S.K.: 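Please see the structure below; I have some questions.
Chain A is the first sequence line, chain B the second, and so forth, proteins listed ahead of strands; every chain is numbered from 1. Here the structure is a predicted model, which means the values were calculated and not measured.
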Amino acid sequence: MLSHKQIELKLQAAVRDILPDADVSAVLVRPCDPKFGDYQSNALMSLAKTRKLNPRQLATEVLAKLEVSETCETVEIAGAGFLNFRLKNSVLTQSLEAAARGEHLFFEKTASPKTVVIDFSSPNVAKPMHVGHIRSTGIGDALQRTWRLLGHRVITDNHIGDWGTQFGKLLLGWKQALDRAALERDAITELERLYKVINAECDANPERLEEAKAELVKLQAGDAENHSIWEEMIRLSQIQFDAIYARLGVKFDHALGESFYNRWLGEVVNDLLHRGIARESEGAVGVFSDGSLPPKEDPFLVNRDGEWIDDPALVRKSDGGFNYTTTDLATIDYRLKTWSPDEIIYVVDDRQGPHFKKLFIIFTRWQPDRAKKVKLVHAGFGKILGDDGKPFKTRSGDTVKLSDLLVEAEERAFKIVSEKNAELPEAERREIARVIGIGAVKYADLLPNRQSDYIFSWDKMLALQGNTAPYLLYAYARIRSIFRKAAESSAIQLPTTNIQLSAPEEFRLARHLVNFGLTLEAVADELRPNYLCNYLFELAGKFTSFYENCPVLKAGDAATRASRLALCDLTARVLKQGLETLGIATVEQM
RNA sequence: GCGCGCGUAGCUCAAUUGGAUAGAGCGUCAGCCUCCGAAGCUGAAGGUUGUGGGUUCAACCCCCGCCGCGCGCACCA
């Protein structure tokens with residue numbers, strides 16, 4: 001078991017001894033400033049607070065019952081009632097040696113695996129994937145990798161936008177303005193062009209709009225021709241999606257698009273009507289406030305000129321069509337029926353926050369018993385901005401296509417790699433540039449706090465200094481280089497190596513290595529891959545300090561050499577595993 | 001207008017959600033390559049966390065007011 005977990009359990013036991021009725025689930029330890037120790041717990045202060053106890057007094061009592069001599073050198077009470085723990089050096093080295101033997105890599109599988117559905121990426125048929133999709137795709141993929149690594153059962157589902165009113169216009173465009181040759185060359189661009197042409201015509205001419213609506217009605221009614229055109233558009237789009245996902249190294253267990261749920265939408269609405277959850281209004285059907293929440297917190301109410309008026313979620317339009325709320329309700333229903341998840345996580349733009357708020361409430365009203373058994377979570381994220389602080393666009397003002405972005409990333413990386421490694425064959429430089437370019441884009445997207453907007457900058461993400469993918473990849477490549485060099489001279493038996501820590505840089509590196517698992521758990525708990533980014537950046541920094549100050553291959557004696565090589569190896573493995581968990585590949589040299 | 005979100009070093013961002021002296025990178029300044037990859041490392045300067053109050057052992061974080069910016073406001077998703 002990981003050391004911090006052992007401490008946590010002992011601490012919880014001690015707290016239960018003193019306060020038998022306390023909820024100890026919040027009694028946790030966290031890594032802390034090295035001047036205080038390795039781990040800190042501030043839990044006793046809040047416990048003391050709610051019980052009106054003297055916090056230092058409580059800490060003293062708990063400390064008397066605390067038996068952590070196996071793992072800790074010292075435990076101290078500090079400040080207002082912190083407990084500071086310092087690990088024994090022997091515990092540290094034992095953990096490193098076990099990792100060197102391959103018994104673990106500083107994390108462990110969860111004791112209570114959950115089933116979790118993660119819904120991310122969700123591109124639209126007949127539209128190019130654009131820069132915005134990188135966020136949902138990258139964050140979603142990093143989260144699913146983290147949950148899986150920790151031993152949870154993960155189901156990824158790409159909720160593709162393959163249905164909706166846009167198909168009326170697309171069908172009309174396909175029938176009247178399709179350029180076959182252009183479709184052969186670049187299907188998505190041609191489909192996008194068709195949409196724009198017809199959309200402009202519809203804006204100018206109401207008759208065209210009626211024609212488009214008629215095409216949509218025919219599609220929805222199962223018209224054979226329209227249906228086969230629609231299928232063709234999906235097929236062509238899927239080729240685009242597959243190409244991009246292959247490039248990004250992203251896979252899904254399922255890709256059940258919106259259209260998959262069509263068969264149930266009528267039932268959903270009828271059931272909502274029947275149960276009195278939805279009602280008719282102005283020809284449409286919507287879900288309204290049930291008055292159970294104060295108006296300020298009620299997403300189904302909006303204040304207009306001092307009065308609270310209805311802001312319903314529509315589940316059927318006045319023309320009989322359905323909205324995405326309906327589809328999303330059917331989707332939750334299907335997912336619960338099919339996979340019985342403990343949790344469903346939606347990695348979707350923050351702007352859809354109000355939608356999910358309503359959606360989750362409606363589902364809870366619709367199926368209260370099943371809703372109790374599942375946690376529905378909207379993991380929202382912010383926008384990508386240009387350096388002018390406005391949404392990231394091309395120079396001509398169009399949205400940036402994801403495929404163009406990835407091409408440019410690789411090209412820019414190739415230029416840099418070629419400058420630094422002119423001697424490498426071009427094929428190798430291409431491959432290194434591919435990994436660096438894609439990795440840089442992904443990493444730059446995962447690094448900021450999920451919910452904040454961030455400014456897109458090629459120079460920053462591809463820089464080799466600072467908190468970037470190239471910096472981490474460089475640290476990894478340097479370590480691999482040590483082993484290439486080591487292989488020339490001597491045979492190294494890492495798994496049987498004794499770890500000896502003496503230099504302060506060795507200790508700092510070692511203490512950071514053992515916190516890998518704790519970081520992974522924080523990522524999964526809070527759905528924040530940026531914790532892992534920062535962990536890896538610090539790891540690379542601590543490694544380079546170690547490397548600058550502690551000769552490895554040139555160490556005086558064989559035992560030190562072997563021990564330091566083992567530290568190098570462990571660092572490389574954690575870096576590689578960590579990057580992989582972020583969906584980023586590594587290179588042996590760069 | 002109403003609601004939601006944001007405001008942290010010159011710039012770009014963190015701060016494990018109420019914990020200890022708010023941290024990085026870029027930029028600036030000063031150092032380090034006859035020495036395992038200098039695409040690197042070390043150090044310095046830089047902050048009233050938009051602003052005014054409040055809550056408490058403790059506030060960037062919670063509450064109230066104000067200022068500024070962004071987003072959203074039924075039959076698109």
S.K.: Going by modelled atom types, is there a donor-acceptor pair between the base of B:rA77 and the side chain of A:Asp328 at under 3.5 Å?
M.R.: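 No pair found.
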S.K.: Please answer whether B:rA39 and A:Tyr471 are stacked, defined here as ring centres separated by less than 5.5 Å and planes angled under 30°.
M.R.: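 Ring-base stacking flag not set for A:Tyr471 and B:rA39.
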S.K.: Using Watson-Crick or G-U wobble geometry with both distances below 3.5 Å, tell me the partner of B:rG47, or none.
M.R.: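 Because no pair has both required distances under 3.5 Å, B:rG47 counts as unpaired.
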S.K.: Applying the 5.5 Å / 30° rule, does A:Phe82 stack onto the base of B:rG19?
M.R.: no
S.K.: Should B:rA38 form a Watson-Crick or G-U wobble pair with both distances under 3.5 Å, which nucleotide is its partner?
M.R.: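 Base-paired to nothing in any strand shown.
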S.K.: If B:rC33 has a Watson-Crick or G-U wobble mate with both distances under 3.5 Å, name it; if not, just say none.
M.R.: none
S.K.: Is there a donor and acceptor pair closer than 3.5 Å between the side chain of A:Ser318 and the base of B:rC75?
M.R.: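 When only heavy-atom distances are counted, A:Ser318 does reach the base of B:rC75 through a donor-acceptor pair under 3.5 Å.
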S.K.: Side-chain donor or acceptor of A:Ser281 under 3.5 Å from a matching atom on the base of B:rA74?
M.R.: yes
S.K.: Rounded to the nearest Å, what distance is computed from the NZ atom of residue A:Lys49 to the P atom of nucleotide B:rG19?
M.R.: 13 Å
S.K.: Which value, in whole Å, describes the distance between the P atoms of nucleotides B:rG5 and B:rC62?
M.R.: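 Looking at atom P only, B:rG5 and B:rC62 are 9 Å apart.
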S.K.: Between A:Tyr346 and A:Asp328, do the side chains contain a donor N or O and an acceptor N or O under 3.5 Å apart?
M.R.: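 Not at all, the side chains of A:Asp328 and A:Tyr346 share no donor-acceptor pair under 3.5 Å.
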S.K.: Indicate the ring-plane relationship of A:Tyr547 and A:Phe543, choosing parallel, tilted or perpendicular according to the 30° and 60° boundaries.
M.R.: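 The arrangement is parallel - the two ring planes meet at less than 30°.
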S.K.: Please report the distance separating the C1' of B:rA20 from the corresponding atom of B:rC13, rounded so that it comes out in whole Å.
M.R.: 24 Å
S.K.: I need the NZ-C1' distance between A:Lys358 and B:rG3, as an integer number of Å.
M.R.: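 The distance from NZ of A:Lys358 to C1' of B:rG3 comes to 11 Å, rounded to the nearest Å.
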S.K.: Would you please classify the geometry between the A:Tyr535 ring and the A:His512 ring as parallel, tilted or perpendicular, with 30° and 60° separating the classes?
M.R.: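 Parallel.
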S.K.: Please lay out, stage by stage, how A:Asp33 and A:Lys35 fare under the test salt bridge (charged side-chain N to carboxylate O under 4.0 Å, His left out).
M.R.: CA-CA 5 Å; A:Asp33 191 316; A:Lys35 71 180 172 241; 3.2 Å; yes
S.K.: Between B:rG27 and B:rC33, how far apart are the C1' atoms? Round to whole Å, please.
M.R.: 24 Å
S.K.: Would A:Arg429 and A:Asn421 count as having a side-chain donor-acceptor pair, cut-off 3.5 Å?
M.R.: no
S.K.: Work out how far the C1' atom of B:rG70 is from that of B:rC29, and round it to whole angstrom.
M.R.: 37 Å
S.K.: If we call it a pair only when both distances are under 3.5 Å in a Watson-Crick or G-U wobble match, what pairs with B:rU17?
M.R.: none
S.K.: Any side-chain donor paired with an acceptor under 3.5 Å for A:Gln589 and A:Arg478?
M.R.: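 On atom types as modelled, these side chains do not qualify, holding no pair under 3.5 Å.
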S.K.: Assess the side chains of A:Tyr531 and A:Glu526: does a donor N or O sit below 3.5 Å from an acceptor N or O?
M.R.: yes
S.K.: In the structure shown, which nucleotide is the Watson-Crick or G-U wobble counterpart of B:rG5, with both distances under 3.5 Å?
M.R.: B:rC69
S.K.: Across nucleotides 22-37 of chain B, 5' to 3', mark each nucleotide with B, S or - according to how protein heavy atoms within less than 4.0 Å reach it.
M.R.: --SSS--------SBB
S.K.: Using both distances under 3.5 Å as the test, list the Watson-Crick or G-U wobble partner of B:rC60, or none.
M.R.: none
S.K.: If we take the P atom in both B:rA14 and B:rG52, what is their distance in whole Å?
M.R.: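 Comparing P positions in B:rA14 and B:rG52 gives a spacing of 24 Å.
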S.K.: For the P atoms, the ones on B:rC75 and on B:rG10, what distance do you get once it is rounded to whole angstrom?
M.R.: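 Their P atoms lie roughly 45 Å apart.
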S.K.: Applying a 3.5 Å limit to both distances, which nucleotide forms a Watson-Crick or G-U wobble pair with B:rC26?
M.R.: B:rG10
S.K.: What does B:rU55 pair with, Watson-Crick or G-U, if both distances are under 3.5 Å?
M.R.: none
S.K.: Go through the N and O atoms of the side chain of A:Glu282 and the base of B:rA74, and report whether any donor-acceptor pair is under 3.5 Å.
M.R.: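 Yes.
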S.K.: Please report the interatomic distance CG(A:Leu527) to OG1(A:Thr146), rounded to the nearest 0.5 Å.
M.R.: 9.5 Å
S.K.: Rounding to a whole Å, what distance do you find between A:Ile479:CD1 and B:rA39:P?
M.R.: 17 Å
